[in-house]
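Note sheet for the following structure.
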Amino acid sequence: MSTPSPAGRRPRIGIGGVCAPSSTFSPHRTRYDDFHVIRGEELWERYPWARPDGGLSGPAEWVPLVHAEAPPGGPVEPETYDRLKTELVDRIRQAGPLDGLVHDLHGAMSVIGLKDAEADLTDAVRDALGPGALISAALDPHGNVSRRLATRLDLITAHRLAPHQDATARTRERAARALVERLVAGKSRPHLAWVQVPVLLPAERTSPRLEPAKSLYGRLGSIEELDGIVDAAVWAGCPWADEPRCKAAVVVTGDDPALAVEQARSLAKEYWDLRRDFVFPAPAADADTCVDAAVASRARPFLITDSGDNPAAGGAGDVAYMLRRLLANEALVTGRATALHAGITAPAAVARCFAAGVGATVRVSVGGAYGSHGAYAYEPYEPYELTGEVVALSAVSEVGGDLAAVRHGGVTTVLVSRRKPFRTRADFGELDPREYDLLVVKAGCPAPELYALAADWQLALTPGSVDQDLPRLGHHRLERPLFPLDPDMPAPDLTPELL
């Protein structure tokens with residue numbers, strides 16, 4: 001049982017963690033160079049409330065450790081994970097006695113060879129801190145909260161808003177504030193009422209911006225205000241990882257164990273009862289249906305999201321399936337309609353385009369940069385041989401590397417040398433998405449700027465390593481039964497466990 005810091009002394013609290021949301025179905029591998037690692041006082045930019053002039057600097061002494069974050073991708077290589085874990089643990093030990101730690105995680109990091117990466121990391125962190133320190137974790141709602149992970153934590157919370165750009169900073173501060181208040185008040189570890197719900201849905205169907213998730217997440221603040229409750233959180237889980245821990249979860253933290261269990265049971269039951277009501281935020285259909293609807297529509301530009309290969313969710317970004325479907329449409333291939341499709345990861349093709357120059361005609365192989373053309377058995381993924389005119393070249397992003405645009409008929413394909421999502425107008429360089437009839441991006445839900453730019457939108461249920469059609473992915477290690485893979489499963493026992 002964790003104990004508070006001695007009365008009359010400012011608690012010493014460390015900050016650190018490792019974040020790398022992953023798809024185990026992706027042929028991409030996350031390596032050390034993919035991580036942005038910050039150490040020591042560099043962390044103040046991420047945690048402004050802990051700076052010497054920050055809002056939480058008075059009641060606590062903050063000890064910045066190390067934080068590493070990689071963009072969504074394939075599973076983390078074991079050597080990379082071990083290196084990051086070792087540094088975090090070493091810095092905890094070198095920091096001297098700590099009363100607490102703000103453990104900044106995601107919840108959906110997969111590491112090759114591990115079943116529960118965040119729990120493994122937290123085990124190591126707990127051993128380094130000792131049993132007397134309190135650990136407060138901040139997680140993404142699309143992470144996974146296994147019993148093993150929850151047992152090693154003292155406080156835990158997750159985002160309540162979408163898009164996450166408006167939620168991550170608030171969540172980290174909420175986790176820190178709860179920890180500070182507890183340590184300063186001399187309180188011991190609260191009770192965690194934990195329960196997993198056998199439902200696993202993609203983020204596109206569980207957004208807190210839309211019903212029914214909006215009302216479900218809207219309850220969390222009012223539950224937290226109840227006397228005896230510290231925090232209430234809901235996780236949808238990560239459907240792109242094939243691990244037993246992947247499913248929805250509810251944790252209500254409180255000093256009143258009976259009330260925490262009651263509220264956790266209520267949230268879990270509501271989630272289960274709503275499982276069939278979570279829907280996509282836009283019409284969703286196969287690629288050809290979406291393309292036909294977009295071409296026939298008078299709304300311009302008409303946005304289509306190529307959801308199955310979304311790099312912002314961990315997709316490899318190298319699947320040329322959507323390009324193939326666009327160029328199978330007569331109106332587009334003849335130029336009677338136009339489309340801008342971004343962005344396929346194809347470093348060799350980008351290099352060829354740069355060597356040829358703007359205005360040149362090139363024939364380049366597009367697709368399979370990470371091996372996605374051989375990763376899926378239910379559909380052929382051979383690279384597409386694209387012939388067209390190079391219409392734009394630029395190095396617009398340190399994240400996305402070089403960009404090359406090739407036009408064939410009415411379709412302009414944006415190729416990138418490194419995986420990257422397209423979220424803003426600036427991501428397209430000199431190309432203006434508003435000048436095309438169709439805008440097609442590798443995404444699930446479009447980012448706010450592209451959503452505002454589009455006159456209409458449909459979500460294409462395309463194949464890839466973050467396929468929204470979960471049965472096509474071929475999970476083998478999930479705990480079953482699990483909705484929607486087992487749509488007629490019996491009602492589960494949703495009795496929370498008090499940890």
Side-chain angles (χ1 to χ4, degrees), residues 4-5 9-21 30 32-72 80-81 83-107 109 118 121-122 124-126 128-130 133-141 143 153-161 163-185 231 397-399:
S5 60
R9 177 173 66 78
R10 290 172 70 212
R12 299 184 76 241
I13 305 175
I15 316 175
V18 181
C19 295
T30 299
Y32 189 83
D33 289 346
D34 293 312
F35 281 87
H36 176 59
V37 183
I38 53 177
R39 302 172 176 88
E41 293 186 0
E42 290 179 306
L43 272 70
W44 295 155
E45 183 175 350
R46 184 175 178 89
Y47 312 107
W49 34 264
R51 293 185 312 218
D53 60 345
L56 293 178
S57 63
E61 176 189 349
W62 293 96
V63 182
L65 303 169
V66 59
H67 189 269
E69 183 170 25
T80 294
Y81 170 72
R83 179 177 175 182
L84 294 169
K85 179 174 75 170
T86 297
E87 180 175 357
L88 177 59
V89 168
D90 286 348
R91 286 179 177 268
I92 290 172
R93 291 191 172 121
Q94 293 163 8
L98 294 173
D99 301 297
L101 174 77
V102 174
H103 201 21
D104 187 359
L105 305 173
H106 182 281
M109 176 173 66
E118 273 89 2
L121 180 65
T122 305
V125 164
R126 169 59 74 192
L129 284 168
L134 296 177
I135 302 177
S136 182
L139 279 77
D140 188 286
L153 299 171
D154 303 292
L155 297 157
I156 183 171
T157 192
H159 311 340
R160 298 172 182 172
L161 301 172
H164 290 351
Q165 291 90 333
D166 298 332
T168 52
R170 299 185 193 186
T171 302
R172 291 192 290 263
E173 183 173 359
R174 186 166 63 249
R177 191 173 296 278
L179 178 59
V180 169
E181 290 175 353
R182 194 150 206 97
L183 290 172
V184 170
D231 189 90
S397 168
E398 293 182 2
V399 176

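The first residue in the sequence is number 1, and the count goes up from there. Being a predicted model, the structure only gives us computed values, none of them experimental. Any value given below was found using the heavy atoms of this structure, including those in side chains, with hydrogens, waters and symmetry copies removed.
- Taking CD of Q94 as the start and CG of D90 as the end, the distance is 5.5 Å to the nearest 0.5 Å.
- In terms of heavy-atom proximity, V66 sits nearest to V37 at CG2-CG1, 3.7 Å.
- For the residue pair P52 and S57, the shortest heavy atom distance occurs at O-OG, 3.0 Å.
- Here the side chains of R126 and I92 are not in contact, with every heavy-atom distance at 4.5 Å or above.
- Here W44 and W62 keep their ring centres 6.0 angstrom or further from each other.
- Listed for the R172 side chain is no donor-acceptor partner under 3.5 Å among the backbone atoms of H103.
- Residues L101 and I13 are not in side-chain contact: their nearest non-hydrogen atoms beyond the backbone lie 4.5 Å or more apart.
- In this structure, the separation between CG on D99 and CG on L179 is 9.0 Å, given to the nearest 0.5 Å.
- Listed by chain and number, the residues in a salt bridge (charged side-chain N to carboxylate O under 4.0 Å, His left out) with D231 are R160, R174 (sequence neighbours excluded).
- Looking at every heavy atom in both residues, L134 comes nearest to L183 through CD1-CD2, 3.5 Å.
- Looking at R39, its side chain never comes within 3.5 Å of a backbone N or O of H67 through a donor-acceptor pair.
- Side-chain atoms of V180 and P11, non-hydrogen and from C-beta on, never get closer than 4.5 Å to each other.
- Listed for the S136 side chain is no donor-acceptor partner under 3.5 Å among the backbone atoms of A176.
- Formation of a donor-acceptor pair under 3.5 Å by the T86 side chain with backbone atoms of R83 is not found in this model.
- Each of L56, V102, T157 was compared with R177 under the side chain to side chain contact (heavy atoms under 4.5 Å, CB included) criterion, and only L56 meets it.
- Between L88 and L84 there is no side-chain heavy-atom pair separated by less than 4.5 Å.
- The backbone N or O of G107 lies less than 3.5 Å from a partner atom in the side chain of E118, making a donor-acceptor pair.
- Smallest separation of non-hydrogen atoms from L153 and I135: CD2-CG2, 3.6 Å.
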Mind running side-chain contact (heavy atoms from CB on, under 4.5 Å) on L139 and H106 for me, showing each step along the way?
-> CA-CA 5 Å; L139 279 77; H106 182 281; over 6 Å; no

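- At a threshold of 4.5 Å between non-hydrogen side-chain atoms, the residues T80 and T30 do not count as touching.
- Checked by atom type and distance alone, the side chain of Y81 pairs as donor or acceptor with a backbone atom of L121 at under 3.5 Å.
- From T171, atom OG1 reaches atom NE2 of H159 across 5.0 Å, with rounding to the nearest 0.5 Å.
- The minimum heavy-atom distance between G100 and A133, with the atom names listed, is N-CB, 4.2 Å.
- In summary, R51 and E45 do not engage in a salt bridge, as defined by a charged side-chain N under 4.0 Å from a carboxylate O.
- Between A124 and K85, the closest heavy-atom pair is CB-CD, 3.9 Å.
- You'll find the side chain of V184 reaches within 4.5 Å of the side chain of P59, heavy atoms only.
- The line from CG of D104 to OG1 of T168 is 9.0 Å long, rounded to the nearest 0.5 Å.
- Salt bridge annotation for R91-E87: present, with a cationic side-chain nitrogen under 4.0 angstrom from a carboxylate oxygen.
- In summary, E61 and R10 do not engage in a salt bridge, as defined by a charged side-chain N under 4.0 Å from a carboxylate O.
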